[in-house]
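So you know, we letter chains A, B, ... as the sequences are listed, proteins then strands, and number each from 1. Computed from a predicted model, the values in this text were never measured in an experiment.
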Amino acid sequence: MSAVGKLIREPWDELGLSESKAFALQRSGATFGIWVFIASEVLFFGAIFLLYAAMRIEHADAFAAAARETNIVYGTLNTAILLTSGLTASVASRAAEHDGLRRLTLWCLAATAALGLAFLVVKGLEYREDIEKHLVPGPRFALAQAPAQLFFGFYWLSTGVHAIHLSIGIGLVGRLIGKGLRDHEWLVGNAQVEIALLYWGFVDVVWIFLYPALYLAGRAG
Amino acid sequence: MSEQRQSPARAIWLRSLVVWAILIALLGLSWLAAYGPFGGWTVAVNFGIAAAQATLVAVLFMRLNEASALVRLAAVCGLFWASILFALTLSDTFSRLANV
Amino acid sequence: MSSGATADATTLANPRELPLELPASYLADGRTLLSWLATTDHKRIAILYAVVITFFFFVGGIAATLVRLELFTPQADLVGSDTYNKLFSLHGIVMVWFFLIPSIPTTMGNFLLPLMIGARDLAFPKLNLVSWYLNLGGGLLTLAAVLAGGIDTGWTFYVPYSTTFSNSFVTLAVLGVLVSGFSTIATGVNFIATVHYLRAPGMTWFRLPLFVWAMYTTSLIFVLATPVLAVTLTLVVAERSFGLPIFDPARGGDPILFQHLFWFYSHPAVYIMVLPAMGVISEVITCYARRRIFGYSFMVYALVAIAMIGFFTWGHHMFTSGMSPYAALVFSFLSFIVAVPSAIKVFNWTATLYRGQIGFESPMLYALGFLGLFTVGGLTGLFLASVPIDVHVQDTYFVVAHFHYIMVGASVSAYFAGLHFWWPKITGRMYPEAWARFAAILMFFGFNLTFFPQFIAGYLGMPRRYHVYPPEFQVWNVLSSAGAAVLAAAYLMPLGYLTWSVFFGSRAPNDPWNASGLEWRTTSPPPRQNFFGNPEVLAQPYNYHPESTPPIKDQPRVPSQGSLT
C-alpha cells in the first residue's frame with residue numbers, strides 16, 4: 001500500500017474513490033470537523049468573555065483597580081511567546097504539505113511545543129507572584145473592594161482554562177513529533193497535522209483577547 | 001533538487017514572518033495604548049487591536065483565506081451564535097443598570 | 001436458550017428474501033465483549049448507547065416513582081424533605097442529560113444516519129466510540145454522586161444555592177454532566193461532518209429524509225449550545241471547589257448571569273429533545289399513512305427555523321428571576337415566534353394524514369399520540385411565554401405539566417415510535433404487535449392521567465418541588481400518581497416484549513413495513529458495511545403513492561432508492 005493509502009481511515013477508504021481523491025476528501029472532512037469544533041469552542045470562550053463583559057460593566061472601578069495588580073510584563077511577554085508559536089505552527093502546517101520539507105515541519109513543530117511550554121513556565125512564575133501578593137480571592141485578599149475579587153475569580157478561572165487548552169495543544173503537537181520521527185512518510189499531507197495546528201491557532205486567539213481583558217484594563221488611570 | 005526544496009520553504013517563511021511582524025507590532029501598540037490618553041475609549045482601542053490580531057491569526061495563520069466556503073461558514077457560525085449570546089444577555093445587563 | 005439464534009451469518013437473513021452467501025450481519029461480526037467495547041461500527045455503538053440509556057431511563061424512572069408515591073398524600077409519609085429534594089433532582093438530572101438529550105440522536109441517529117444517507121459509517125468512527133465512553137463516564141460520575149449521598153439542587157444547579165449553600169455532592173454531579181456534554185459535542189461534530197461529506201451519490205440536501213435533517217439541526221444545537229453549558233458548570237465547580245467568586249452576591253457577583261448562561265444552553269436543549277422526535281414522526285407517519293410528506297421543503301425550513309430561533313428565547317425561563325422587564329418583553333416576543341415553525345410541522349403532519357391509507361400499527365399509534373401530546377405541550381408553552389400568565393403559574397405544577405408534555409409526551413412517545421419502527425431493522429426480529437399496540441395505548445392514557453391533572457393543580461397554585469402540600473390539591477395528586485402507576489407499567493412492557501423478541505421473535509424481512517427509506521434497502525440486520533454495493537439515489541424521499549392513485553399492498557419499490565446488488 002502506498003504512503004497515502006496507509007493514512008486513509010474508515011469510512012473514507014470505502015467510498016469507491018481513487019486513493020488520492022479519498023485522501024483529499026478525508027483531509028477536507030477532518031478540517032471541516034475541527035472547524036466545527038472550533039465554532040463550538042468560540043461559544044465556550046464567548047461565554048467566558050461574556051461573563052467578563054457583564055461583570056466589568058457592573059463593577060467598572062473595581063475591575064480597573066484589580067486589573068492594575070496583574071503583572072503586565074509577564075502578560076506581554078506571554079502574548080509575544082504565543083504569537084511566535086502561532087508563526088511556527090503556521091509554518092509547520094504549510095510545510096507539512098510539501099514532500100521535501102519534513103525536517104522543517106519537525107523543527108517548527110518542536111519550536112511550537114517549546115514555545116507553549118515556555119508560556120506555561122512564565123505563567124507559573126506569574127502565578128507564584130500573584131499568590132505572594134495575595135491576589136487569590138478569599139479572606140486574605142489584597143484589595144479592599146469586594147468586586148475586585150470577582151476580577152481575580154475570573155483571572156484564575158480564565159487563565160486556568162486557557163492553560164488546560166494549551167497543555168492539550170502541547171500534547172497534540174508532541175504526538176505529531178513522535179509519530180513524524182518514527183515514520184518518515186507520516187507527516188506529509190496528514191490531516192492530523194493541520195487539525196492539531198488549527199486547534200493551536202484557536203488557543204492563540206483566545207489569549208489574544210485575554211491579554212487586554214486581564215492586563216490592559218485600568219492602566220491609564 | 002536543493003533549490004526546489006528551498007523555494008517553497010522560503011515562500012512559507014516570508015509570508016508568515018510578515019504576518020508575525022505585524023502581530024508583534026500590534027501587541028506593542030496595544031500595550032502603549034493602554035497607557036494612552038483615550039479615556040473611556042481605551043477599552044475599545046485595546047479590544048479593537050485584539051480583534052485585528054485575532055483576524056490575522058484566523059485568516060492567515062489558520063488559513064481561512066485558503067479554506068473552503070463550508071469551513072468559513074463554520075467559523076462565521078461560531079461568531080454569529082456568540083453574538084446572540086452577547087446581545088441578548090447584555091441587553092438585560094444594561095437595562096437593569098439603567099433602571100437602578 | 002438463545003444460543004444459536006445468531007449462530008452464523010446466514011441465520012440472520014430471511015432465507016426467502018436473500019441468497020445465503022451474504023456477509024455476516026453487524027451483530028454476528030465478532031462476538032467477544034471486546035468486539036463490542038472496542039467497535040467503531042456506528043450500529044454497534046448505537047446498541048451500546050441504547051443499553052446505557054435504557055439503564056438511566058429506569059434509574060430516573062425509579063426516582064419519579066418515589067416522588068409520585070410521596071405525593072399521594074398531603075403529608076410526608078415516605079421520605080423527608082432532604083430525600084425528596086434529592087429524588088426530584090436525581091430524576092431531573094438523569095432524565096435530561098442521560099436519557100432525553102442522548103436518547104434519539106445517539107441510538108437511532110447513530111444507527112440510521114449513515115444508513116439513511118447511504119454511507120458506510122460516520123465520518124469519524126473512533127470519535128464516535130470516544131463519545132460513548134464519555135457519555136458512560138459522565139453517567140457513572142453522576143451515579144457516584146447519587147450513591148455518595150445525592151444532590152439537592154434540582155436539575156438546574158441554580159447559584160448561589162449550588163455554589164454556596166448546598167451540602168450535597170454537587171461537584172461530582174456537575175462534573176458528570178460536564179463530561180457527558182463533551183460527548184454530545186463530539187457526536188454533533190461527527191453528525192455534521194457525516195451529512196456534509198458522506199452522502200451517497202444523488203442524495204442531495206433536499207432529498208435527505210427529514211430524520212436526517214432533524215439529526216443535522218440537532219447537531220447544530222449540540223455544537224453551539226453545549227459549550228455554554230460546559231462553561232456554566234465549570235463556573236459552578238470553580239466557585240464551589242476552588243473558592244473563586246463568580247456569582248457570589250456578597251462580593252458583587254450576579255446570579256442572574258448564571259441563569260442567562262444556563263438557559264442559553266438549556267432552552268435549546270428542549271429542541272435537542274424534540275427535533276429528533278419530529279424527525280422520527282415524519283418517517284413513521286408517512287410510512288403508515290402511505291403518503292408523501294406534505295410540504296417537504298417547509299418541513300425542512302421549519303426544522304432549521306426551530307433550531308435557530310430556539311437560541312433567541314431562553315429568557316422566558318427567567319421572567320421572575322429579577323431580569324430587566326424590558327429584556328423580558330423581548331424574550332416573550334421571540335418565544336412566540338418559535339410557535340410558528342412548530343405549528344407548520346403539526347399542520348403538515350396532519351395534512352400528510354389527510355386522505356392517507358392509515359394503518360394503526362404500533363409505531364403509528366405512538367406517532368399519533370405524539371401529535372396530540374406535542375400540540376397540548378406546545379400550546380401551553382404559549383401561556384408560559386406571555387409574561388403575565390407566566391408570573392402567575394411560575395414554579396407551579398403547570399410548568400411541570402407543560403414540559404412533561406413536550407419532553408415525555410412528545411419526545412419519549414417518538415422514541416418508542418422509532419424504536420418499534422426500526423426494531424426489525426436493528427435486531428432482525430419482529431416484536432409481538434398486539435403487545436406493542438397495547439403498550440402504546442396504555443402509555444398514552446397513563447401519560448395523560450399523570451400529567452393533565454398537574455395543569456389543573458398548577459393553575460390552582462400548587463407549587464413544584466414540595467412534598468407536603470395543602471389538602472385541597474390531593475385529588476389532583478392522587479389522579480396523577482395513579483396515572484404514574486399506569487405509565488410505569490406501560491414503560492416496563494416494551495422492556496419485556498422487546499427483549500423477548502430478540503430471542504424468540506420471528507425473523508424480520510428486509511422491509512417489513514413496505515417503507516421507502518434507504519435504510520430498508522439492505523438486510524435486517526444490516527452487514528458491517530451497511531450496503532451491498534454502492535447505493536445511489538435518484539428520487540425524492542417518501543416515495544409512497546401519490547394522492548390520486550390507490551394504494552397497492554405490495555407496491556413495487558423504485559429501484560433507484562438504492563439496490564441490493
Item to check | Heavy-atom contact with chain C under 4.5 Å, split by part of W12(A) | outcome: side chain
Checklist entry - Considering residues, nucleotides and ligands other than R528(C), do more than 12 of their heavy atoms fall under 6.0 Å from its CZ? => result yes
Item to check | Part of E239(C) within contact of chain A (heavy atom distance under 4.5 Å) | outcome: neither
Checklist entry - Are the side chain of S40(A) and the backbone of V223(C) linked by a donor-acceptor contact shorter than 3.5 Å? => result yes
Item to check | Reported CE-to-CD1 distance for the pair M55(A) and I246(C), which is rounded to 0.5 angstrom | outcome: 5.5 Å
Checklist entry - If you draw a 6.0 Å radius around OH in Y326(C), do more than 12 non-hydrogen atoms from other residues or ligands fall strictly inside? => result no
Item to check | Side chain / backbone / both / neither for L15(A) at chain C, heavy atoms under 4.5 Å | outcome: side chain
Item to check | chain A interface, residue from V189(C), D121(C), V231(C) that has the most non-hydrogen pairs under 4.5 Å | outcome: V231(C)
Next on the checklist: Can you tell me which portion of A250(C) sits under 4.5 Å from chain A's heavy atoms? Options are side chain, backbone, both or neither.
Outcome noted: backbone
Item to check | Winner by heavy-atom pair count (cut-off under 4.5 Å) against chain A, out of A186(C), A238(C), G188(C), G253(C) | outcome: G253(C)
Item to check | Steps toward side chain to side chain contact (heavy atoms under 4.5 Å, CB included) verdict (V228(C), F44(A)) | outcome: CA-CA 5 Å; V228(C) 180; F44(A) 184 93; over 6 Å; no
Next on the checklist: Counting only non-hydrogen atoms closer than 4.5 Å, does Q149(A) touch chain C with its backbone (N, CA, C, O), its side chain (CB onward), both, or neither?
Outcome noted: both
Checklist entry - Yes or no on side chain to side chain contact (heavy atoms under 4.5 Å, CB included) for F242(C) and L157(A), after CA distance, side-chain angles and deciding distance? => result CA-CA 9 Å; F242(C) 297 96; L157(A) 176 96; over 6 Å; no
Checklist entry - Closest approach of R251(C) and L150(A), non-hydrogen atoms and distance? => result O-CG, 3.4 Å
Checklist outcome for this item: The interface call for I192(C) against chain A, heavy-atom contacts under 4.5 Å, is both
Checklist entry - Rounded to the nearest 0.5 Å, what separation is found between the CG atom of L51(A) and the CZ atom of F247(C)? => result 5.5 Å
Checklist outcome for this item: Honestly, the part of F222(C) sitting under 4.5 Å from a heavy atom of chain A is neither
Item to check | Minimum-distance pair of heavy atoms, taken over all atoms of P227(C) and L43(A) | outcome: CG-CB, 3.6 Å
Item to check | K21(A) atom NZ, neighbour heavy-atom count above 12 within 6.0 Å | outcome: no
Next on the checklist: So for H260(C), is it side chain, backbone, both, or neither that comes closer than 4.5 Å to the heavy atoms of chain A?
Outcome noted: neither
Item to check | Under 4.5 Å from a heavy atom of chain A, the part of L220(C) involved | outcome: neither
Checklist entry - Among L235(C), D248(C), T234(C), who wins on heavy-atom pairs under 4.5 Å with chain A? => result L235(C)
Next on the checklist: If you count heavy atoms of other groups shown closer than 6.0 angstrom to CG of D183(A), is the number above 12?
Outcome noted: yes
Checklist outcome for this item: On a heavy-atom basis, the closest approach of R120(C) and P11(A) is CB-CB, 4.1 Å
Checklist entry - Which is it for Y197(C) and F32(A) under the side chain to side chain contact (heavy atoms under 4.5 Å, CB included) test, yes or no, and what are the steps along the way? => result CA-CA 9 Å; Y197(C) 278 88; F32(A) 175 60; 3.6 Å; yes
Next on the checklist: Once rounded to the nearest 0.5 Å, what's the spacing between atom CZ of F124(C) and atom CD of E10(A)?
Outcome noted: 12.5 Å
Next on the checklist: Working to the nearest 0.5 angstrom, can you tell me the gap between I185(C) CD1 and E41(A) CD?
Outcome noted: 7.5 Å
Item to check | Greatest number of heavy atom pairs closer than 4.5 Å to chain A - which of A193(C), A200(C), P245(C), G243(C) | outcome: P245(C)
